[in-house]
Amino acid sequence: PADDATNVYDRSGNANDGTIEGSMTAPAKGISGAIIVNNDVKHSTDITNFGSSAIKFDGDGDGLKIFDFVTNYISDSNHAWTMEAWVFYSHAGNNDYPNIFNSTEDYNFNLRYHRANGRLDVAWSTNGGTWTDYDPPDNTFNENTWVHVALQYTTTHVELYQDGKLMFSEAQTSNVNLDADAYLRIGQDYNENDTYDWAGYMDEIAVYTVAKYKPVVTGLGTTTITP
């Protein structure tokens with residue numbers, strides 16, 4: 001659970017939770033605390049990666065949104081950003097392209113799992129009408145296991161890291177198309193089409209307005225946050 005005005009929770013899995021003496025302002029989560037929950041996405045103890053729980057998405061309308069994040073922090077100007085998460089896909093249904101990160105508007109960007117090809121897919125639009133696709137090799141993404149993914153824009157390249165390894169770095173000097181009131185979606189398609197919903201778990205979801213990862217000559221990624 002999230003910390004509040006009276007409790008600080010131990011996320012190590014050792015259950016050493018703390019109680020505030022006196023008073024504390026409850027921490028704001030996200031940009032101005034504006035993380036919006038769709039349907040019944042929730043913390044679950046069924047499968048964990050760090051600590052005692054992970055966020056569960058059931059593949060049927062579950063998702064998170066961050067208010068105006070794409071408009072204000074991703075597509076507003078040509079600056080760097082990073083999105084990352086630990087993901088665990090565990091669904092035998094017909095969800096063809098489960099989304100990890102997307103926008104609430106079409107023709108912005110998305111990071112999805114292409115199940116038929118066993119790989120992640122990145123799509124990018126600078127004009128609001130056509131897509132540029134960036135794809136790693138087939139059969140490089142596994143289900144039913146934790147995988148760390150990071151998508152970033154450096155102002156000169158679009159880059160995808162998987163378990164710390166640079167999967168591709170493609171030249172791109174234009175930010176994604178600017179739409180008014182475009183939220184960041186996590187685990188859902190832009191128009192909430194259930195066949196594109198994430199079914200499984202996520203943990204340690206984070207977004208930054210800087211490029212956190214840098215490739216090294218071995219092809220492995222290095223960063224201040226260790227995947």
Side-chain angles (χ1 to χ4, degrees), residues 2 29-44 46-47 49 53-75 81-125 128 131 133-135 141 143-144 146-153 158 160 162 176-208:
K29 304 298 182 181
I31 303 301
S32 300
I35 296 179
I36 301 167
V37 176
N38 284 350
N39 208 19
D40 58 354
V41 60
K42 60 185 179 182
H43 278 274
S44 170
D46 295 343
I47 295 175
N49 189 31
S53 67
I55 300 176
K56 181 178 182 179
F57 301 77
D58 67 7
D60 186 16
D62 283 4
L64 300 172
K65 292 189 294 187
I66 302 180
F67 180 77
D68 279 355
F69 191 88
V70 174
T71 297
N72 293 337
Y73 298 95
I74 301 301
S75 58
W81 51 263
T82 305
M83 302 177 186
E84 66 178 343
W86 285 90
V87 298
F88 186 110
Y89 193 81
S90 58
H91 185 53
N94 62 347
N95 296 38
D96 298 325
Y97 290 91
N99 279 267
I100 300 173
F101 294 112
N102 205 326
S103 168
T104 52
E105 301 295 327
D106 199 6
Y107 293 108
N108 283 157
F109 79 98
N110 59 62
L111 170 60
R112 305 189 296 187
Y113 167 36
H114 187 179
R115 296 188 71 197
N117 289 61
R119 68 168 187 240
L120 297 175
D121 280 354
V122 175
W124 189 278
S125 178
W131 289 108
D133 296 315
Y134 306 105
D135 303 321
F141 186 89
E143 299 186 8
N144 297 303
W146 285 106
V147 179
H148 184 266
V149 298
L151 173 66
Q152 75 174 12
Y153 178 53
V158 178
L160 177 68
Q162 185 174 313
V176 298
N177 182 61
L178 177 60
D179 280 306
D181 301 321
Y183 296 15
L184 175 65
R185 281 199 187 278
I186 302 170
Q188 278 190 300
D189 194 38
Y190 80 97
N191 64 352
E192 301 185 15
N193 183 334
D194 291 349
T195 61
Y196 300 106
D197 287 352
W198 189 259
Y201 304 83
M202 295 191 194
D203 202 358
E204 301 292 305
I205 303 167
V207 292
Y208 309 93

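Hydrogens, waters and symmetry mates are skipped; everything else that's a heavy atom, side chains included, is used.
- Side-chain contact between Ile55 and Val41: present, with at least one pair of heavy atoms (C-beta onward) separated by less than 4.5 Å.
- Here the options are Tyr97, Phe57, Tyr113, the test is ring pair (Phe, Tyr, Trp, His ring centres under 6.0 Å), and the partner is Tyr89; only Tyr113 passes.
- Ion pairing of Asp121 with Arg119 is present here, as a side-chain N (NZ or NE/NH1/NH2) and a carboxylate O approach within less than 4.0 Å.
- Listed for the Asn102 side chain is no donor-acceptor partner under 3.5 Å among the backbone atoms of Asp189.
- Between Ser90 and Tyr201, the closest heavy-atom pair is OG-CE1, 3.8 Å.
- In this structure, Met83 and Ile100 have side chains that are not in contact, with every pair of non-hydrogen atoms separated by 4.5 Å or more.
- Nearest heavy-atom pair, Arg185 versus Asn38, reported as atom, atom and distance to 0.1 Å: NH1-ND2, 3.3 Å.
- A donor-acceptor pair shorter than 3.5 Å can be found between the side chains of Tyr208 and Glu84.
- Aromatic pair Phe109/Trp81: centroids less than 6.0 angstrom apart.
- Here the side chains of Tyr196 and Tyr190 are not in contact, with every heavy-atom distance at 4.5 Å or above.
- Annotation: the span from Trp131 atom CH2 to Asn110 atom CG amounts to 5.0 Å, rounded to 0.5 Å.
- Looking at every heavy atom in both residues, Asn108 comes nearest to Ser103 through OD1-OG, 2.6 Å.
- For the residue pair Ser53 and Asp203, the shortest heavy atom distance occurs at O-OD2, 3.9 Å.
- When atom types are taken as modelled, the side chain of Ser75 and the backbone of Val70 share a donor-acceptor pair closer than 3.5 angstrom.
- One distance of note links CG of Leu64 with CD1 of Ile205; it measures 6.0 Å at 0.5 Å rounding.
- The aromatic rings of Trp124 and Tyr153 sit tilted, their planes meeting at an angle between 30° and 60°.
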